[in-house]
Protein chains: 2
Amino acid sequence: IIELQDVWKIYKMGSVEVPALRGVNLKIHKGSFVAVMGASGSGKSTCMNMIGCLDVPTKGKVYLDGQDVSLMSESALAQIRGRKIGFVFQTFNLIPTLTALENVMLPMTFQNIPKHKREKRARELLEMVELGDRTGHKPGELSGGQQQRVAISRALSNDPELVLADEPTGNLDSKMGVEVMSFLSRLNKEEGKTVVMVTHDSNGAKHAEMIHKLMDGRIVGSEVGEGQ
Amino acid sequence: IIELQDVWKIYKMGSVEVPALRGVNLKIHKGSFVAVMGASGSGKSTCMNMIGCLDVPTKGKVYLDGQDVSLMSESALAQIRGRKIGFVFQTFNLIPTLTALENVMLPMTFQNIPKHKREKRARELLEMVELGDRTGHKPGELSGGQQQRVAISRALSNDPELVLADEPTGNLDSKMGVEVMSFLSRLNKEEGKTVVMVTHDSNGAKHAEMIHKLMDGRIVGSEVGEGQ
Ligand SMILES: Nc1ncnc2c1ncn2[C@@H]1O[C@H](COP(=O)(O)OP(=O)(O)OP(=O)(O)O)[C@@H](O)[C@H]1O
Ligand SMILES: Nc1ncnc2c1ncn2[C@@H]1O[C@H](COP(=O)(O)OP(=O)(O)OP(=O)(O)O)[C@@H](O)[C@H]1O
Ligand SMILES: [Mg+2]
Ligand SMILES: [Mg+2]
């Protein structure tokens with residue numbers, strides 16, 4: 001479903017070059033559950049941005065369902081991002097002026113779903129992450145872990161086939177973290193969604209079928225997880 | 001050094017009341033290393049804001065070195081926060097338009113420290129969290145865990161006697177997380193700083209001398225840690 005071929009990302013800061021990804025080769029098959037681990041600064045979020053077509057490589061190619069992403073129009077890409085990909089950002093990226101419910105409803109607006117359906121689905125998603133009693137709170141009126149959970153619900157709002165979760169449990173206690181991991185596992189096993197998760201939690205990573213290790217912008221190892 | 005007496009924090013949202021803290025009693029002695037744990041939404045950050053004099057209770061009292069904080073002038077409080085308390089925020093709160101170095105130098109500006117000394121100390125603090133080669137990056141040019149480490153360095157910028165760290169390792173891989181925990185432990189054992197840390201990591205919490213468990217806005221248990 002997604003393939004990265006010799007992907008490089010080099011940030012230029014004046015005369016200095018910062019290589020965030022240095023030749024990443026990665027194939028993510030439809031319906032798989034993949035974990036990406038690695039030290040802080042090793043390139044995981046940059047890699048996720050490539051997979052989610054949110055950024056373009058400096059060198060190398062990204063293929064989405066066999067199509068070269070660099071040859072697609074911005075509107076075609078926007079359609080795909082809106083309908084097929086759900087992204088849980090490491091820093092949440094919630095809209096501060098909207099409530100939790102409105103934040104989760106937002107992606108559905110672009111798919112022309114009627115309001116009463118958007119609201120019903122958003123409520124269900126928030127209840128699934130135990131925020132049924134926080135729907136009217138704005139991000140600033142929520143705890144860090146609650147904001148993270150709203151970000152998770154929002155990513156699932158359009159029922160995407162590909163879920164990209166960048167450290168989805170970093171702000172959660174172990175019990176809630178385990179619930180989120182099982183939730184992602186169920187989306188994969190029962191709903192057939194492709195799930196790619198960046199995590200620092202090696203116990204959480206075990207839920208995956210495959211764990212890739214990133215180091216200094218390169219994949220240095222891949223091992224089979226327990227989530228077969 | 002810090003005492004919370006029957007502290008309540010009740011947020012009012014229209015006709016709804018959200019009790020974030022419901023009668024918290026807590027004494028933090030000078031030079032101790034305390035961990036606070038609890039489920040997402042249980043009141044940990046709210047509790048830290050009380051300890052750090054960043055917020056006022058709805059009911060109850062906060063004493064800082066024996067003085068009732070509600071009787072202190074805003075300028076006296078600002079002085080204390082600037083000089084005596086270093087706060088690592090759960091969402092970092094870095095200034096997006098300043099570089100990592102400038103962000104770490106900022107708190108020292110208000111203490112009239114000359115520029116060359118501010119810059120030298122800021123560099124040393126960033127090197128301690130392995131960001132010596134990222135000093136010129138703005139927060140948007142840093143990974144999530146790198147932003148978290150800048151926030152840690154900034155909290156230590158004025159060499160405060162009280163360090164409040166709200167989930168300081170949430171975005172860090174286990175190796176860097178262990179380094180930060182040992183760093184906090186050293187600040188306590190070797191420099192005599194009082195450290196209060198919110199963490200979801202029970203292994204990290206063991207570094208503390210005392211672990212308080214928060215649930216639904218109340219302290220429901222306290223146990224001795226291994227950091228004696
Ligand atoms: N401004 C606000 N208005 C209304 N409710 C609020 C506000 N700020 C926080 N809350 C609520 O107060 C409760 C405690 O929040 P707090 O941020 O202290 O939790 P926490 O223990 O730090 O959680 P986490 O581990 O997720 O960071 C939460 O249920 C939250 O929804
Ligand atoms: N806009 C940018 N300009 C310059 N350098 C950048 C930029 N964005 C990221 N970097 C650098 O690229 C490297 C990889 O960043 P990335 O966010 O992918 O790391 P990460 O593995 O997600 O780390 P973490 O676990 O801390 O979130 C980092 O060293 C970072 O400093
Ligand atoms: Mg990252
Ligand atoms: Mg918190």
Side-chain angles (χ1 to χ4, degrees), chain A residues 11-14 16 18 20 37-48 89-92 94 96 99 129-131 133-134 136-150 166-167 169-177 179-180 198-203 205 213-215 217, chain B residues 11-14 16 18 20 37-48 89-92 94 96 99 129-131 133-134 136-150 166-167 169-180 198-203 205 213-215:
Chain A
Y11 291 107
K12 293 185 181 53
M13 301 180 68
V16 179
V18 178
M37 298 188 74
S40 168
S42 57
K44 304 178 299 294
S45 296
T46 307
C47 188
M48 291 290 266
F89 295 97
Q90 186 170 3
T91 48
F92 323 148
L94 299 177
T99 62
V129 290
E130 298 187 25
L131 290 178
D133 60 353
R134 288 285 181 275
H137 287 230
K138 296 197 181 74
E141 296 164 332
L142 291 170
S143 78
Q146 289 169 342
Q147 292 175 38
Q148 187 156 40
R149 286 181 269 158
V150 175
D166 195 348
E167 298 189 38
T169 60
N171 283 277
L172 302 176
D173 54 282
S174 20
K175 178 164 176 291
M176 183 58 69
E179 282 177 41
V180 165
V198 168
T199 183
H200 283 312
D201 170 20
S202 39
N203 280 328
K213 288 222 165 60
L214 211 58
M215 185 167 144
Chain B
Y11 290 107
K12 292 187 182 49
M13 301 179 69
V16 178
V18 178
M37 298 188 75
S40 169
S42 57
K44 305 178 298 295
S45 297
T46 306
C47 188
M48 292 289 268
F89 295 96
Q90 187 170 2
T91 49
F92 324 147
L94 299 177
T99 63
V129 290
E130 298 187 25
L131 290 178
D133 60 353
R134 289 285 182 273
H137 288 229
K138 295 199 182 75
E141 297 164 333
L142 292 169
S143 79
Q146 290 169 340
Q147 291 174 39
Q148 188 157 39
R149 284 181 269 157
V150 175
D166 196 346
E167 297 189 38
T169 61
N171 283 277
L172 302 176
D173 53 281
S174 19
K175 178 163 177 291
M176 183 58 68
V178 163
E179 282 178 38
V180 165
V198 167
T199 184
H200 282 313
D201 170 19
S202 39
N203 280 327
K213 287 223 166 60
L214 211 59
M215 184 167 144

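Atom set for the values below is all heavy atoms of this structure, side chains included, hydrogens, waters and symmetry mates excluded. All values reported here derive from a predicted model rather than from experimental measurement. Throughout, protein chains are lettered first and strands after them, A, B, ... in sequence-line order, and every chain is numbered starting at 1.
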Margin query: Would you say that more than 12 heavy atoms from the other residues, nucleotides or ligands in this model lie under 6.0 Å from the NZ of B:K175, or not?
Written below: no
Note to self: Can you tell me which of A:M37, A:H137, A:R134 forms the most heavy-atom pairs within a distance under 4.5 Å of chain B?
What the structure shows: A:H137
Item checked: Point-to-point distance, once rounded to the nearest 0.5 Å, from CD of B:Q90 to CG of A:N171 -> 4.5 Å
Check: Has B:M13 got more than 12 heavy atoms of other residues, nucleotides or ligands less than 6.0 Å from its CE?
Finding: yes
Next item on the list: May I ask you to test the B:V18-A:E141 pair for a side-chain heavy-atom distance under 4.5 Å?
Entry: no
Notebook entry, point to check: What closest approach, in Å, do A:D173 and B:H200 show between heavy atoms, and which atom pair accounts for it?
Noted result: CA-ND1, 3.2 Å
Check: Pick from A:S202, A:S174, A:G144: which one has the most heavy-atom pairs with chain B under 4.5 Å?
Finding: A:G144
Checklist line | A:S40 and its side-chain hydrogen bond (donor to acceptor under 3.5 Å, both in side chains) partner, picked from B:Q146, B:E130, B:Q148, B:R149 | finding: B:R149
